[in-house]
**Q** 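Right, I'll just put the structure down here and ask away after.
Just so we're clear, the structure is a prediction, and the values are computed from it rather than from any experiment. Protein chains get the first letters and strands the later ones, always in sequence-line order, with residue 1 at the start of each. When reading the values below, keep in mind they use all heavy atoms of this one structure, side chains included, and skip hydrogens, waters and symmetry mates.
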Protein chains: 2
Amino acid sequence: MTIKDVAERSGVSVSTVSRVLNNHPDVSEAARSRVMETVRKLHYVPNNSARDLVRPQTAAIGLVVRGAGNPFFSGVIRAVEQEINAAGYTMVLHQIRSGEDELQAGAELARSKRLLGVILLGGCFDYTPEQTAALGIPFVCCSFTNSFGSLNKDAYSSVSIDDQAEAYRAVTFLIRQGHKNIAILLDSKQDHSISELRYRGYCQALLDAGIAPDTALVAEAGTFDMAAAYEGTCRLLRSQAEFTALFVIADSMAVAAMKALHDHGLRVPEDCSVIAIDGIDMSAYTIPTLTTLIQPVGAMGKESVHSLVDIIEGRGGNRHIQLRTALRPGGSVGAGPVFTSANDVKIKP
Amino acid sequence: MTIKDVAERSGVSVSTVSRVLNNHPDVSEAARSRVMETVRKLHYVPNNSARDLVRPQTAAIGLVVRGAGNPFFSGVIRAVEQEINAAGYTMVLHQIRSGEDELQAGAELARSKRLLGVILLGGCFDYTPEQTAALGIPFVCCSFTNSFGSLNKDAYSSVSIDDQAEAYRAVTFLIRQGHKNIAILLDSKQDHSISELRYRGYCQALLDAGIAPDTALVAEAGTFDMAAAYEGTCRLLRSQAEFTALFVIADSMAVAAMKALHDHGLRVPEDCSVIAIDGIDMSAYTIPTLTTLIQPVGAMGKESVHSLVDIIEGRGGNRHIQLRTALRPGGSVGAGPVFTSANDVKIKP
DNA sequence: AATGTTACTGGAAACGTTTTCAGGATTGCT
DNA sequence: AGCAATCCTGAAAACGTTTCCAGTAACATT
């Protein structure tokens with residue numbers, strides 16, 4: 001079942017069939033409909049290998065994801081896969097371990113599989129424009145940060161939320177509820193990661209409310225998994241630091257944190273409020289329901305693919321899209337303690 | 001950078017290079033080492049499209065998954081991807097909606113992408129040997145059931161747990177704790193699904209303990225997602241049916257069920273014990289910790305790929321592997337009510 | 001009527017690989 | 001020495017597609 005069979009059955013040449021299949025303008029309506037007819041009738045499916053061989057590259061897009069265990073990423077992966085298929089490409093998924101270098105992995109993948117482009121999901125982007133140019137293909141960073149600020153913005157595309165602003169929003173929400181001693185749980189603030197940005201938003205929100213950030217209230221889990229989050233929360237609790245609310249940088253970590261709080265005899269939200277960012281399915285079913293800023297996973301996947309495909313198909317250059325989250329109030333945040341007017345929290349209007 | 005360049009630089013023909021690259025025996029040691037040398041030097045990577053074009057198939061394996069939102073599947077997908085890469089193949093992921101037909105989707109995928117084989121993950125296998133033979137490629141059903149029993153066992157491979165036996169084990173665990181009125185929450189028992197097998201195990205366990213299964217204690221969610229599970233549990237509770245324990249066919253549904261119990265003022269495990277099957281990460285962090293039978297996701301992925309690759313590479317035919325779960329006791333199961341000797345539960349030795 | 005323009009079409013080359021086939025060199029046997 | 005067998009090699013065809021190029025037909029313009 002090749003293009004030749006279709007051509008014969010339709011009474012045209014293979015060239016014409018090819019043109020029909022690729023939506024070329026120079027083909028008569030009569031020929032077009034006749035070809036489409038036989039294609040349907042024969043259940044003809046083009047051979048991608050042959051197509052890819054003659055074209056400069058493979059009609060495939062890579063998705064490099066670090067830490068696919070994160071349920072938040074599952075949602076993005078699902079959306080990305082759907083969008084890539086809808087655009088007529090094939091997705092090549094590649095999961096990397098925490099130690100590996102995503103750009104390295106992306107380049108390797110792109111070379112061996114001759115990809116048109118790569119989407120990097122989750123991580124930290126720490127490369128110079130020269131290094132990215134060496135890749136030779138377009139790529140977009142989805143839910144990613146980079147440590148160079150706006151320096152090399154034209155070396156790649158990106159789709160993400162404004163991590164600092166959203167963290168600011170979450171912490172401000174807690175402050176508005178009357179909380180003053182607010183702890184933060186993150187995986188690590190050392191590298192130029194999303195965690196760092198969210199940590200900055202946390203600090204800024206406190207400062208703007210006239211509260212001095214206290215390093216004793218910063219709990220670093222070390223790695224991004226629930227076991228580490230649980231342990232990190234336990235360490236924070238053992239330290240005897242005083243706080244009435246906890247901001248966690250990810251839903252999955254927040255679930256573990258709530259468990260740790262419970263295991264230490266603290267009630268959520270009476271003894272400690274919890275807020276997080278992500279909006280994974282599961283967080284709607286914790287007890288109490290987690291208050292969180294829901295990331296638009298579907299839109300993130302969609303925009304990532306669109307950005308990449310537009311570049312691949314010659315429509316415009318790199319762009320940087322920032323999406324907004326939606327606050328889902330849950331039972332995990334309660335009112336803060338009653339303060340005397342003397343030490344009351346100042347909230348900017 | 002083609003095979004031709006390598007041939008020229010090595011002073012041999014393309015045929016010889018091809019033979020070296022494919023480990024053909026008929027090539028001199030001298031030529032072999034010379035070619036290998038230049039391959040390394042030029043960083044030559046064979047063009048898979050060209051290779052696939054001339055070969056009957058693509059060096060790729062498909063993974064068709066229904067309901068990738070299920071966190072249990074995420075783990076399997078991760079393992080499968082790793083194993084496929086390790087075996088030198090490419091994984092092509094395809095997620096289907098609940099309405100779609102997985103064999104249809106698998107066949108379509110296999111044809112359009114010229115796959116060597118397909119792994120079907122999660123669902124119900126309802127085809128006759130003739131239909132599967134029409135596919136023309138080997139496939140393995142991972143975490144799947146089929147309604148034909150052992151009739152067409154040689155038409156495909158499978159890797160799964162013994163769903164009925166494991167459900168039996170879970171329910172028996174509840175009975176041993178003293179529970180007698182045990183409800184079950186499943187997505188649907190109509191089709192020949194995993195749910196049905198687990199439902200049968202549930203019934204059998206009750207019968208073997210001398211308890212008559214009561215249809216009033218069967219809660220059907222309708223679909224496999226947490227919202228439906230929540231609703232299904234609520235319906236069960238509104239029905240005023242009396243039960244002291246709940247067996248849920250999946251961890252993610254159990255999380256939603258616990259939430260529903262809580263929202264109706266019932267405590268777990270004091271008022272109702274909960275046990276499930278799956279062992280997703282999250283279930284270790286519910287409050288209380290979910291008692292569950294942990295499925296060996298890594299082994300499932302690994303065995304699925306091994307089975308398929310063995311067939312692809314000509315080592316043996318279809319095989320059927322059954323793995324065991326591991327019981328993780330959690331706080332979600334407590335002792336049942338105290339019975340008088342008159343209506344005490346009979347437990348088989 | 002001749003010419004130019006437009007709209008469409010088919011032939012053929014090209015993509016990079018594998019594999020068949022035939023043949024050349026070397027070796028072993030008589 | 002002659003012949004067969006063995007081992008290795010290269011030429012060439014094939015895989016299914018896209019695209020360049022040349023060409024035809026119809027139509028409009030002079």
**Q** Please list, in 5' to 3' order, the outermost nucleotides of DNA chain D lying under 4.0 Å from any heavy atom of chain B.
**A**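 So the outermost contacting nucleotides come out as dC8(D) to dG16(D).
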**Q** Please check if the side chain of Asp5(A) supplies one atom and the backbone of Thr2(A) the other of a donor-acceptor pair under 3.5 Å.
**A**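 Yes, Asp5(A) side chain to Thr2(A) backbone: donor-acceptor pair under 3.5 Å.
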**Q** Under 4.0 Å between a side-chain N/O of His24(B) and OP1 or OP2 of dT19(C), yes or no?
**A**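 Looking at the OP1 and OP2 atoms of dT19(C), one of them is under 4.0 Å from a side-chain N or O of His24(B).
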**Q** Scan for salt bridge (charged side-chain N to carboxylate O under 4.0 Å, His left out) pairs involving residues 38-47 of chain A, sequence neighbours excluded, and state none if there are none.
**A**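 Of all non-adjacent pairs touching residues 38-47 of chain A, those that pass salt bridge (charged side-chain N to carboxylate O under 4.0 Å, His left out) are Glu37(A)-Lys41(A).
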**Q** Considering only heavy atoms from C-beta outward, does the side chain of Val92(A) approach that of Ile61(A) to under 4.5 Å?
**A** no
**Q** Evaluate the criterion side chain to side chain contact (heavy atoms under 4.5 Å, CB included) for residue pair His94(A) and Ile96(A); output intermediate values, then yes/no.
**A** CA-CA 6 Å; His94(A) 187 75; Ile96(A) 57 176; 3.5 Å; yes
**Q** Any base atoms under 4.0 Å from Thr2(A), or only sugar-phosphate, or nothing? Heavy atoms, all strands.
**A**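 Sugar-phosphate only.
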**Q** With sequence neighbours left out, what residues match Thr38(B) under side chain to side chain contact (heavy atoms under 4.5 Å, CB included)?
**A**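 Scan of Thr38(B) (side chain to side chain contact (heavy atoms under 4.5 Å, CB included), adjacent residues dropped) gives Val6(B), Arg9(B), Ser10(B).
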**Q** The criterion is side chain to side chain contact (heavy atoms under 4.5 Å, CB included); which residues satisfy it with Asp281(B), sequence neighbours excluded?
**A** Met226(A)
**Q** List every contact pair, protein side and nucleotides 7-13 of chain C side both N or O, where the distance is under 3.5 Å.
**A**
unit_1, atom_1, unit_2, atom_2, d
dT9(C), OP1, Ser28(A), OG, 2.8
dT9(C), OP2, Ser28(A), N, 3.0
dG10(C), OP2, Ser13(A), N, 2.9
dG10(C), OP2, Ser13(A), OG, 3.1
dG10(C), OP2, Thr16(A), OG1, 2.9
dG10(C), N7, Arg19(A), NH2, 2.8
dG10(C), O6, Arg19(A), NH1, 3.2
dG10(C), O6, Arg19(A), NH2, 3.4
dG11(C), N7, Ser15(A), OG, 3.2
dG11(C), O6, Ser15(A), OG, 3.0

**Q** Do Met300(A) and Leu323(A) make a side-chain contact, defined as non-hydrogen atoms from C-beta onward lying under 4.5 Å apart?
**A**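 A side-chain contact under 4.5 Å exists here.
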**Q** Evaluate side chain to side chain contact (heavy atoms under 4.5 Å, CB included) for Ile84(B) paired with Gln82(B), printing each intermediate quantity in order.
**A** CA-CA 6 Å; Ile84(B) 287 181; Gln82(B) 225 156 53; over 6 Å; no
**Q** Of all the heavy-atom pairs spanning Cys141(A) and Tyr156(A), show the shortest one and how long it is.
**A**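 Here Cys141(A) and Tyr156(A) meet closest at SG-CD1, 3.7 Å.
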**Q** Do you know which two heavy atoms are closest between Ala79(A) and Val297(A), and how far apart they sit?
**A** CB-O, 4.0 Å
**Q** Just the dot-bracket of DNA chain C, please: which string comes out with Watson-Crick or G-U pairs under 3.5 Å, [ ] for crossing, | for another strand?
**A** ||||||||||||||||||||||||||||||
